[in-house]
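First comes the structure, then the notes that go with it.
Note: hydrogens, waters and symmetry copies are ignored here, and every other heavy atom, side chains too, is used.
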Amino acid sequence: MYPAYDVIVVGAGHAGCEAANAAARMGSKVLLITMNMNTIAQMSCNPAMGGVAKGQIVREIDALGGMSGIISDKSMIQFRMLNKSKGPAMWSPRTQNDRMRFAEEWRLALEANPNIDFWQEMVTGILVKDNVVTGVTTGMGIEFKAKSVILTSGTFLNGIIHIGEKQFGGGRTGEGASTGITEQLVSIGFEAGRMKTGTPPRVDGRSLDYSKMEEQAGDEQPEKFSFSHSTRPLKEQRSCYITYTNPEVHQTLEKGFDKSPMFNGRIQGIGPRYCPSIEDKINRFAERNRHQIFVEPEGWNTVEIYVNGFSTSLPEDIQYEAIKKISGFENVKMFRPGYAIEYDYFPPTQLNHTLETKLVSNLYFAGQINGTTGYEEAACQGLMAGINAHLKSTKKEEFTLSRSEAYIGVLIDDLINKGTDEPYRMFTSRAEHRILLRQDNADLRLTQKGYDLGLATQERYDTMKARSGQIHKLLNDLEQKKVDPSEVNPTLESLSSAAIQHRTNLAKLVKRPQVHISDLKQVNDSLEEYFDKYEQDILDGADIHIKYADYIDKETKLAERVSELEGLRIKETFDFKSIPALSSEAKEKLEKIRPKTIGQASRISGVSPADISVLMVYMGR
């Protein structure tokens, strides 16, 4: 009755959408199963994409041919480039989005793909034969067969919502939890755990006094995520606002601590360290008399406001009493209270680099099921799982990214080698090669790979080649073009940069920290005319390349040395326990994770440099 598929994707959140889109774009017949067709690509938490390190991930998804960047661009109401006061490795794009448009754009994109079918129902288990997944079974007892299955269950696996002393099953407010999958996977031999996340109240923007808050406008010259020409930067933007809690707010919240599921033991799961609830903040940082609150609109036309920074699971009456004491919120009307949610996850050390599980072949996990937090982290895992599920079903070579190639590579490598016992969030500090992994060069790093996979389109590939060619031409011209001291010294003086004594090429001037390529337009009409031929992103790309050439060269050589260790493959049958010189912890970790290369082994927590030396000796190196 029902057709067989190449890939079945369970769950239609950010991971599921990217997984289904990637596999289908590459040619697989895909079935996307969701418990509710009306909540495809729901922004369950804040209506925003990107941010520190997360923005780099969205750019990488886009460069490979994924859709998160394009969907974000089409639904954004504000764009900001964060960390512009720091070096370019730290620059991170972020969009504020229209929640309803974001979901709509994703659904339209998926429905436009003829290789994707949809089914609305709860998946209660997977079908497994001889340790190979063969499909899924649903709550109505329907069996769908497939060559590969990708689980992207988000916070729905045995989800429990907490608001004060009240608790009820659910994967998101107003939606039921998913049951059956965890229990089956544990019976097969998987290890499972519990995690927790939370969300703040949503309020009526008409009831707020914005005159008491600080306005946070978008960038004067907004950019966008996607390198594709299919989207355009915003011409109009909506502002966000900043306000603060105060001691009176904190005292009110503390009245509800005895009813807090976080403090009375009802919540067992570990919450995100870097996005704590407001009660956790005032408990852990008791010396602070205020905390920042971001007032974020949920879209272009809606009056609903997301109160970023006020995530809580306290009783709703305490939430309402406390939030009214925030400056600008005195007359606030609350649409719905904040809540915490506990859910099942599976420690990601049980996965290979492709996100395929080690216990069951052709079964992939992506998103919060792996212990991550955030739309961006989920989306990139979905993309990689979708790519590899397609490649496996068509008997092609797997696709992975190294730590020096992408933040996506860092994230997956961290997960499978180190695991996580708290919701994992990406930061620039996690990437040792971050000067190579900038947001501005994601297309130059990854679009060729996406094109070779059949995921990135010809248009994206041509755009990347043209951009690369322009940057290289500009760099070459800057080496060739020279200026006399009399021409350029007035400009240098205006930039507080030392005067030159001899005729100098422009590249040497751009190497100075005070001088940027755009500044050289004022030297003479000829240069102004020349530089005006280039888009700003081309000028910025060349500027970064010149200023950071030495650092980039150093990081490139270091990455090459590290890649040599990745080339030293370890046999699948290698017996780590038989090597007496290895530490006990190293034996235990190596046997559990079963690294495929010496490079991977070197990044496992508990495996020391001495252990790696021993391994290399035993491998004849």
Worksheet entry | Chi angles and distances behind the side-chain hydrogen bond (donor to acceptor under 3.5 Å, both in side chains) call for S75, E105 | CA-CA 8 Å; S75 60; E105 290 289 351; over 6 Å; no

More than 12 non-hydrogen atoms from neighbouring residues, nucleotides or ligands closer than 6.0 Å to [atom1] on [X], yes or no?
X: E287; atom1: CD; result: yes
X: M81; atom1: CE; result: yes
X: K511; atom1: NZ; result: yes
X: Y551; atom1: OH; result: no
X: R290; atom1: CZ; result: no

Can you tell me if [X] and [Y] form a side-chain donor-acceptor pair at under 3.5 Å?
X: N388; Y: Y364; answer: no
X: E487; Y: N524; answer: yes
X: N489; Y: E493; answer: no
X: T231; Y: K224; answer: yes
X: T354; Y: E398; answer: no
X: S68; Y: E18; answer: yes

Is the side chain of [X] donor-acceptor paired with the backbone N or O of [Y] at a distance under 3.5 Å, no angle test?
X: N21; Y: L110; answer: no
X: N97; Y: S72; answer: yes
X: Q522; Y: D519; answer: yes
X: N370; Y: T372; answer: no
X: Q381; Y: E377; answer: yes
X: N505; Y: A507; answer: yes
X: T447; Y: L444; answer: no
X: E459; Y: H229; answer: yes
X: D98; Y: W300; answer: yes
X: R434; Y: A431; answer: yes

Worksheet item: Heavy atoms, side chains only, cut-off 4.5 Å: are F399 and K449 in contact?
Response: yes

Practice prompt. Just grab all the salt bridge (Lys or Arg N to Asp or Glu O under 4.0 Å) pairs involving residues 520-538, residues at least two apart or on different chains.
Written response: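 Qualifying pairs, neighbours excluded: R467-D537, K521-D532.
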
Fill in: Pairs flagged by salt bridge (Lys or Arg N to Asp or Glu O under 4.0 Å) wherever residues 83-94 is involved - sequence neighbours left out
R94-E296

Item to complete: Go through the structure and list residues passing salt bridge (Lys or Arg N to Asp or Glu O under 4.0 Å) with E304, not counting sequence neighbours.
Response: R336

Worksheet, complete the sentence: salt bridge (Lys or Arg N to Asp or Glu O under 4.0 Å) filter on K557, not counting sequence neighbours, yields D553

Fill in: Where at least one partner belongs to residues 433-476, residue pairs that pass ring pair (Phe, Tyr, Trp, His ring centres under 6.0 Å), sequence neighbours excluded
Y451-Y461

Worksheet item: For D414 and R603, what are the C-alpha separation, side-chain angles and deciding distance, and is it a salt bridge (Lys or Arg N to Asp or Glu O under 4.0 Å)?
Response: CA-CA 8 Å; D414 278 354; R603 296 188 296 277; over 6 Å; no

Which heavy-atom pair separates [X] from [Y] by the least distance, and what is that distance?
X: S44; Y: R172; answer: OG-NH1, 2.7 Å
X: R202; Y: E298; answer: NE-OE2, 3.3 Å
X: S311; Y: G198; answer: OG-C, 3.3 Å
X: R25; Y: M67; answer: NH1-SD, 3.8 Å
X: S92; Y: A53; answer: OG-N, 3.3 Å
X: I61; Y: A379; answer: CD1-CB, 3.7 Å

Discussion item. I'd like to check the side-chain hydrogen bond (donor to acceptor under 3.5 Å, both in side chains) partners of T400; sequence neighbours left out, ordered by chain and number.
Written reply: none

Practice prompt. Could you walk me through whether Q458 and D462 pass side chain to side chain contact (heavy atoms under 4.5 Å, CB included), step by step?
Written response: CA-CA 6 Å; Q458 185 71 44; D462 292 341; 3.0 Å; yes

Spacing of [X] atom [atom1] and [Y] atom [atom2] [to the nearest 0.5 Å]:
X: Q78; Y: Q96; atom1: CD; atom2: CD; answer: 6.0 Å
X: I538; Y: K473; atom1: CD1; atom2: NZ; answer: 12.0 Å
X: H14; Y: Q42; atom1: NE2; atom2: CD; answer: 8.0 Å
X: I435; Y: D550; atom1: CD1; atom2: CG; answer: 11.0 Å
X: H291; Y: F310; atom1: NE2; atom2: CZ; answer: 11.0 Å

Practice prompt. Using a strict cut-off of less than 4.0 Å between a Lys/Arg side-chain nitrogen and an Asp/Glu carboxylate oxygen, indicate whether K547 and D543 qualify as a salt bridge.
Written response: yes

Worksheet item: Can a salt bridge be assigned to the pair K418 and D413 using a cut-off of 4.0 Å between side-chain N and carboxylate O?
Response: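 No.
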
Discussion item. Show, in sequence, the C-alpha distance, side-chain angles and deciding distance for T243 and K212, and conclude whether the side chain to side chain contact (heavy atoms under 4.5 Å, CB included) test is met.
Written reply: CA-CA 8 Å; T243 185; K212 295 183 177 181; over 6 Å; no

Worksheet entry | Geometric class of the Y534/Y530 ring pair [parallel <30°, tilted 30-60°, perpendicular >60°] | perpendicular

Discussion item. Assess the residue pair K481 and D477 against the criterion (salt bridge (Lys or Arg N to Asp or Glu O under 4.0 Å)); give the C-alpha distance rounded to whole Å, side-chain angles, the decisive distance to 0.1 Å, and a yes or no.
Written reply: CA-CA 6 Å; K481 289 180 182 292; D477 287 352; 5.6 Å; no

Item to complete: Measure from NZ or CZ of R288 to the centre of the six-membered ring of F285 and say whether it is under 6.0 Å with the direction within 45° of the ring axis.
Response: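 The answer is yes; both the distance and angle limits are met.
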
Discussion item. Checking D62 against R460 for the salt bridge (Lys or Arg N to Asp or Glu O under 4.0 Å) test, could you report, in this order, the C-alpha distance in whole Å, the side-chain angles of both residues, the deciding distance, and whether it holds?
Written reply: CA-CA 9 Å; D62 181 77; R460 289 186 181 216; 3.4 Å; yes

